[in-house]
Structures are given as structure tokens and as C-alpha cells.
*Asks:* 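I have a structure I would like to understand better, so I am pasting it below and will then ask my questions one at a time.
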Amino acid sequence: MARKFSEFYRNPYGKLPQPEAINEREFAFFLFKQHIMVRHRSASNLNVLRRLICDLEPSDVYHSCAYYGNPEADMDKKGWQGADLVFDIDADHIPTTCDKAHDEWTCKTCGFCGTGGQPKTCSGCGGEKFETKTWPCEQCIGSAKDETTKLIDLLEKDFGLSESDFRIFFSGHRGYHIQVETTSIRTLDSMARKEMVDYITGLGLNLARREKGSSDGKAASRIFGLREFGRYGRLKHDMRGFIEAASKDTLADAGIKGGASNAILQFKQQVLERCIEKGMWNSVRGVGDETWFKIAAYLTNLQVSIIDTVVTTDIHRLIRMNGTLHGKSGLLKVEFSPERLSDFDPFREAVAFKEGTVKVIVSSAPQFRLGDSTFGPYTKQEVELPTAAAILLICKGRAEMVKS
Ligand SMILES: [Zn+2]
Ligand SMILES: [Zn+2]
């Protein structure tokens with residue numbers, strides 16, 4: 001695999017897009033062979049960088065979102081001058097129903113295995129450590145795209161950023177990156193970025209404002225009116241989606257059980273129309289303030305993990321370099337313009353290996369598509385596949401190359 005990756009970097013000379021202010025970035029490389037991260041490297045131009053990549057043969061290439069005076073120095077001597085504002089939206093944290101079809105887990109203690117998201121404890125031995133295999137599935141990546149669209153909308157409307165301020169990328173695996181490189185935001189410190197993500201996720205959102213004169217708090221939710229814009233709009237949108245797709249399990253995830261759960265499932269339509277649309281939060285029997293607060297808190301926490309907020313607030317963060325291969329898929333991180341968000345097709349435009357075929361033995365893989373071709377599903381079989389499909393399976397730990 002190291003050979004395939006380095007052939008890719010050797011071949012299309014001139015194709016690697018140059019990062020903004022390349023000489024002020026720290027570069028880092030994750031190595032195939034040693035499984036270590038080589039950090040604190042710098043490159044004065046693209047040719048130097050390409051040589052570094054060819055020498056090191058990395059599975060993944062990163063650069064700092066920060067700009068430094070001395071990118072090669074130790075962390076405290078780098079001379080931080082600013083950093084791009086980065087949002088990392090990953091499907092791993094978005095609850096979907098397709099994970100049963102494409103994810104697998106194996107208990108590290110006893111080897112017991114199953115499909116779907118990993119359980120908290122192994123039903124075989126009670127162990128808590130698992131090896132998991134995910135999949136870059138169209139539906140999951142589609143959900144990440146929806147979240148990306150929502151976030152861009154909010155950044156434009158509430159933070160006054162314009163479309164030309166954003167650079168949007170498919171991450172090369174299961175998500176999207178939004179990068180803002182505008183000079184005015186570069187010097188925002190970590191605290192300012194934290195305030196931004198708190199606003200976006202709705203942390204600290206004051207849902208219940210007590211009416212004057214009601215000291216007992218019973219009328220707490222009466223002004224809990226969610227408008228259609230900003231973070232309130234975002235929460236309302238998420239609540240609508242949550243109720244529409246609600247099942248006993250998803251409600252239990254949000255801590256809602258028993259009577260409240262039954263009431264939501266039985267009167268879904270009324271809950272949607274009266275509670276959420278009209279803001280009459282207590283109008284469905286059995287669904288009270290406490291239920292709504294639980295849902296709001298659950299969705300807020302979900303947002304915190306979906307928009308990996310640690311990434312956004314860390315002003316020294318390393319981010320995958322545009323135009324490089326993702327070690328977990330063999331797909332490229334690629335940029336596309338914001339107006340193409342709805343029709344961008346990662347399984348066509350992020351394909352790097354376009355020539356030849358490779359023979360592999362597949363242990364298991366769900367059905368998947370690359371470009372116009374559909375492959376699988378496969379279970380324990382030898383197949384000859386186009387290079388990109390074979391590399392995807394190998395990178396995902398689902399196949400091994402047949403030694404010729
Ligand atoms: Zn076990
Ligand atoms: Zn999926």
C-alpha cells in the first residue's frame with residue numbers, strides 16, 4: 001500500500017494543490033511502516049514538500065491550521081501568528097440507521113463480534129474494548145453533508161461570513177471540512193473560537209425563561225418559542241428531525257422512556273405540529289417540559305460531537321492537507337465550491353487511482369459504488385477489482401492483496 005500511495009505522489013507532478021502560506025505551516029506525516037507521526041517539518045515550496053512526501057512514504061499528510069514564524073521549532077518556540085478557523089464534520093458521530101449494514105465490531109478480549117455500532121459492554125465477556133470497522137457509506141456521508149450545509153448557512157447568517165470566505169472539502173473518508181482562511185479571523189484566540197462553537201451548538205442556550213410573577217417555575221416553558229433563524233432555528237430544525245425519526249431506541253438515547261416515549265410515538269404528528277411548529281410545548285399529554293429539556297440537551301451534545309468542537313477551538317491543530325490521500329480509504333481530500341455542495345459526489349470526485357486492477361481476497365464488505373460502478377457485497381472471496389475499489393477495501397481492513 002505504501003508503494004501505491006507513493007507512486008501516486010510521484011506520478012502526477014504539479015497536481016498537488018499548494019496550501020496557502022506554505023512556508024508558515026508545520027507539516028506532519030503519518031508513516032505506513034512505523035505507524036508513527038513525524039511532525040514539526042516545514043516546506044518552503046511545493047517541490048520541497050513533494051520531496052518530503054516521496055522520501056517518507058506517509059499514509060496521511062497534514063499541515064497546521066496555524067501560521068508560524070518558525071514552523072520547525074518546538075511548540076512553544078514556533079511563534080504563532082494566527083490560524084485558520086476549521087470545522088470538521090464527521091459522520092462517525094451522526095446517528096444513522098445504516099450502521100447495522102456496514103459497521104462491524106469485535107471484542108478485543110474474547111473475540112465475540114457483531115454488526116452495527118459497538119455495544120458498551122461485550123455480551124460474551126463483559127469486556128469494554130472493541131476493534132471496530134466502519135465504512136464510508138453514501139447515506140452516512142450524505143448526513144455529514146446535510147450538517148455541513150446547515151453549518152454554512154448559520155455561519156453566513158449569524159456570523160456574517162460570505163460564501164467567498166469558505167473553503168469546503170471532502171475529508172477523503174467520512175466527512176467534510178470547512179476552512180475559513182480570511183485574515184480577519186486568523187488571530188481569534190482559542191477562547192473566541194470556543195464562544196463561536198458554543199453559540200453554534202447551542203451550549204448555554206436559554207430555553208426556559210420564567211414568566212414574571214411565576215416564582216414556582218411551573219410556567220417555565222411558556223416562552224420557549226423557537227424562531228426559524230440562528231441557533232434557535234438550528235435547534236428547532238434538529239428537534240423536528242429527531243421527532244420525525246423517533247423510535248423507542250432513539251428516544252431512550254435521549255433519556256426518554258415510559259409514558260413520554262409512548263406519547264411521542266403515538267402522537268408524533270400532533271407533537272410535530274402543535275409543540276414544535278406552534279410552540280405549544282405542553283399541548284400533548286405526557287410530553288412535558290422535562291421531556292423537551294432532555295431532547296434539547298441531547299441534541300446540543302450531539303452537535304458538540306458532530307462538529308468536533310475540539311478541532312475548532314485548538315489553534316495548533318493539524319488538518320489533512322488538500323489533495324492528499326486518506327490512509328483509511330485511499331480517497332483524496334478534495335475541494336469544491338460552496339454552490340456545488342448539493343451535487344458534489346465524493347465517490348466520483350475523490351477517486352485517486354484510476355488505472356489498472358488489483359486482485360484481492362475480501363473478508364467482508366457491504367455493497368458500494370465508485371464512479372458509475374457498483375461493487376459487492378462480498379464475503380470471503382477472491383476478486384479482481386479496479387485499483388481504487390481494491391485500495392478502499394484494503395485501507396478499510398476488509399481485504400488483502402493477493403501476492404502474485
Ligand atoms: Zn468479549
Ligand atoms: Zn451509513
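One is the number of the first residue; the rest follow in order along the sequence. Fair warning: this is a prediction, and the values are worked out from it, not measured in the lab. Note that these values count all heavy atoms, side chains included, but never hydrogens, waters or copies made by symmetry.
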*Asks:* Are side-chain heavy atoms of Ile185 and Asp165 found at a separation under 4.5 Å?
*Replies:*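 Heavy-atom side-chain distance check fails, nothing below 4.5 Å.
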*Asks:* Does Arg50 make a cation-pi contact with Tyr9 (under 6.0 Å, within 45 degrees of the axis)?
*Replies:* no
*Asks:* Within the side chain of Asp84, is there an N or O that forms a donor-acceptor pair under 3.5 Å with the backbone of Val86?
*Replies:* no
*Asks:* Please walk me through it: do Glu335 and Arg340 pass salt bridge (Lys or Arg N to Asp or Glu O under 4.0 Å)?
*Replies:* CA-CA 10 Å; Glu335 182 170 17; Arg340 293 200 49 233; over 6 Å; no
*Asks:* Of all residues at least two apart in sequence or in a different chain, which pass the salt bridge (Lys or Arg N to Asp or Glu O under 4.0 Å) check with Asp238?
*Replies:* Lys150
*Asks:* Under a plain distance cut-off of 3.5 Å, with no hydrogens placed, do Thr121 and Glu128 share a side-chain donor-acceptor pair?
*Replies:* no
*Asks:* To the closest 0.5 Å, what do you measure between SG (Cys137) and CZ (Arg174)?
*Replies:* 7.0 Å
*Asks:* If we only count heavy atoms from C-beta on, is the Ile53 to Leu16 side-chain gap below 4.5 Å?
*Replies:*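 Sidechains of Leu16 and Ile53: in contact.
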*Asks:* Check the angle between the aromatic planes of Phe368 and Tyr378 and answer parallel, tilted or perpendicular using the 30° and 60° thresholds.
*Replies:* perpendicular
*Asks:* Quick check on the 6.0 Å ring-centre criterion: do Phe30 and Tyr62 meet it?
*Replies:*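 They do not qualify: ring centres at least 6.0 Å apart.
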*Asks:* Test side-chain contact (heavy atoms from CB on, under 4.5 Å) on Glu163 and Ile152 and set out the steps.
*Replies:* CA-CA 8 Å; Glu163 207 167 77; Ile152 288 175; over 6 Å; no
*Asks:* Going through the distances and angles, do Arg285 and Phe267 end up as a side-chain contact (heavy atoms from CB on, under 4.5 Å)?
*Replies:* CA-CA 9 Å; Arg285 189 188 287 267; Phe267 304 108; over 6 Å; no
*Asks:* So is Arg41 actually on top of Phe29's ring, under 6.0 Å and inside 45° of the axis?
*Replies:*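 No, cation not above the ring by the 6.0 Å, 45° rule.
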*Asks:* Answer yes or no: is there a donor N or O on one side and an acceptor on the other, between the side chain of Lys133 and the main chain of Gly397, under 3.5 Å?
*Replies:*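 Checking the backbone N and O of Gly397 against the side chain of Lys133, a donor-acceptor pair under 3.5 Å is found.
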*Asks:* Do the charged groups of Glu20 and Arg167 touch, with an N to O distance under 4.0 Å?
*Replies:*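 Arg167 and Glu20: not salt-bridged.
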*Asks:* Does Arg348 pair with Asp372 as a salt bridge, N-O distance under 4.0 Å?
*Replies:*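 Salt bridge: yes.
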*Asks:* By salt bridge (Lys or Arg N to Asp or Glu O under 4.0 Å), which residues pair with Glu138, not counting sequence neighbours?
*Replies:* Arg369
*Asks:* Under the side chain to side chain donor-acceptor pair (under 3.5 Å) criterion, do Glu131 and Thr106 qualify, and how do the steps go?
*Replies:* CA-CA 5 Å; Glu131 198 184 296; Thr106 308; 5.8 Å; no
*Asks:* Is there a donor-acceptor pair closer than 3.5 Å between any side-chain N or O of Arg240 and the backbone N or O of Ile276?
*Replies:* no
*Asks:* Is there a donor-acceptor pair closer than 3.5 Å between any side-chain N or O of Ser143 and the backbone N or O of Gln139?
*Replies:* yes
*Asks:* CD1 of Ile22 to OH of Tyr67: how many Å apart, nearest 0.5 Å?
*Replies:*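 Spacing of CD1 (Ile22) from OH (Tyr67) equals 12.5 Å.
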*Asks:* Checking Arg186 against Glu181 for the salt bridge (Lys or Arg N to Asp or Glu O under 4.0 Å) test, could you report, in this order, the C-alpha distance in whole Å, the side-chain angles of both residues, the deciding distance, and whether it holds?
*Replies:* CA-CA 7 Å; Arg186 281 190 195 172; Glu181 299 178 355; 5.6 Å; no
*Asks:* Is there side-chain contact between His63 and Glu26, with heavy atoms separated by less than 4.5 Å?
*Replies:* no
*Asks:* Judged by atom type as modelled, is there a donor-acceptor pair below 3.5 Å linking the side chain of Lys248 to the main-chain atoms of Ser261?
*Replies:*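 No; zero donor-acceptor contacts below 3.5 Å.
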*Asks:* Dump the intermediate steps for side-chain contact (heavy atoms from CB on, under 4.5 Å) on Phe375 and Leu370, then the final yes or no.
*Replies:* CA-CA 8 Å; Phe375 305 95; Leu370 285 178; 4.1 Å; yes
*Asks:* Parallel under 30°, tilted from 30 to 60°, perpendicular over 60°: which one fits the rings of Phe347 and Phe170?
*Replies:* tilted
*Asks:* Are any non-hydrogen side-chain atoms of Trp292 and Val287 less than 4.5 angstrom apart?
*Replies:*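 In short, these two side chains touch, coming nearer than 4.5 Å.
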*Asks:* With a cut-off of 6.0 Å (strictly less than), are more than 12 heavy atoms of other residues, nucleotides or ligands near CD of Gln18?
*Replies:* yes
*Asks:* Within a radius of less than 6.0 Å around CD of Glu384, do more than 12 heavy atoms belonging to other residues, nucleotides or ligands occur?
*Replies:*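 Atom CD in Glu384 is packed in, count exceeds 12.
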*Asks:* Less than 4.5 Å apart, any side-chain heavy atom of Tyr68 and any of Gln81?
*Replies:*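 The answer is no, as the side chains (C-beta and beyond) never meet within the 4.5 Å cut-off.
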*Asks:* Donor-acceptor pair, Ser329 side chain versus His173 backbone, under 3.5 Å?
*Replies:* no
*Asks:* In terms of ring plane angle, is the pair Phe344 and Tyr176 parallel, tilted or perpendicular, where the classes change at 30° and 60°?
*Replies:*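 Ring orientation of Phe344 relative to Tyr176: perpendicular.
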*Asks:* So, does Lys78 use its side chain to make a donor-acceptor pair with the main chain of Ala73 at under 3.5 Å?
*Replies:* yes
*Asks:* Can you confirm whether Thr324 sits close enough to Leu332 that some side-chain heavy atom of one is under 4.5 Å from a side-chain heavy atom of the other?
*Replies:* no
*Asks:* CD1 of Ile361 to CG of Leu393: how many Å apart, nearest 0.5 Å?
*Replies:*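 If we round to the nearest 0.5 Å, Ile361:CD1 and Leu393:CG are 12.5 Å apart.
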*Asks:* Within the distance-only criterion (no hydrogens, no angle test), does the side chain of Lys268 pair as donor or acceptor with the backbone N or O of Glu244 below 3.5 angstrom?
*Replies:* yes
*Asks:* Calculate, to the nearest 0.5 Å, the distance between atoms CZ and CZ belonging to Phe336 and Phe169 respectively.
*Replies:*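 If we round to the nearest 0.5 Å, Phe336:CZ and Phe169:CZ are 9.5 Å apart.
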*Asks:* Do His102 and Lys396 have side-chain N/O donor and acceptor atoms under 3.5 Å apart?
*Replies:*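 Absent: no donor and acceptor within the cut-off.
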*Asks:* Does the side chain of Cys275 come within less than 4.5 Å of Val284's, by heavy atoms?
*Replies:* yes
*Asks:* Out of Arg39, Arg317, Arg25, which one pairs with Ser64 under the side chain to side chain contact (heavy atoms under 4.5 Å, CB included) rule?
*Replies:*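 Of the listed residues Arg39, Arg317, Arg25, the side chain to side chain contact (heavy atoms under 4.5 Å, CB included) partner of Ser64 is Arg25.
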*Asks:* How long is the gap from CD on Glu273 to CE on Met280, to the nearest 0.5 Å?
*Replies:* 11.0 Å
*Asks:* Taking NE2 in His93 as the centre, count heavy atoms belonging to other residues, nucleotides or ligands within less than 6.0 Å. Is the count above 12?
*Replies:*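 More than 12 heavy atoms, drawn from other residues, nucleotides or ligands, come within 6.0 Å of this atom.
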*Asks:* Does atom CD of Gln367 have more than 12 heavy-atom neighbours, drawn from other residues, nucleotides or ligands, at distances under 6.0 Å?
*Replies:*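 Above 12, so yes.
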*Asks:* Any luck finding a side-chain donor-acceptor pair between Ser364 and Glu104 under 3.5 Å?
*Replies:* yes
*Asks:* Take Gln303 and Leu151 through the test side-chain contact (heavy atoms from CB on, under 4.5 Å) and record every step on the way to the result.
*Replies:* CA-CA 10 Å; Gln303 284 303 319; Leu151 180 55; over 6 Å; no
*Asks:* Between Asp314 and His316, is there a donor-acceptor pair closer than 3.5 Å when you use the side chain of the first and the backbone of the second?
*Replies:* yes
*Asks:* Return yes if a side-chain donor-acceptor contact under 3.5 Å exists between Thr182 and Ser184, otherwise no.
*Replies:*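 Judged by distance alone, the side chains do not pair up.
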*Asks:* Quick one: closest heavy-atom pair of Gly116 and Trp105, and the distance?
*Replies:* O-CD1, 3.3 Å
*Asks:* Looking at Glu290, I want to see if its CD is surrounded by more than 12 non-hydrogen atoms of other residues, nucleotides or ligands under 6.0 Å.
*Replies:*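 Incorrect, the count does not exceed 12.
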*Asks:* How long is the straight-line distance from CG of Asn47 back to CG of Leu52, given to the nearest 0.5 Å?
*Replies:*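 Leu52 atom CG to Asn47 atom CG measures 11.5 Å (nearest 0.5 Å).
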*Asks:* Does a donor on one side chain and an acceptor on the other come within less than 3.5 Å for His177 and Arg320?
*Replies:* no
*Asks:* Does Asp189 come within less than 4.0 Å of Arg193, counting only side-chain N to carboxylate O?
*Replies:* no
*Asks:* Tell me, with the steps shown, if Lys194 and Asp198 meet salt bridge (Lys or Arg N to Asp or Glu O under 4.0 Å).
*Replies:* CA-CA 6 Å; Lys194 172 88 170 51; Asp198 284 355; 2.9 Å; yes
*Asks:* Measuring only between side-chain heavy atoms, which start at C-beta, is Leu154 closer than 4.5 Å to Phe159?
*Replies:* yes
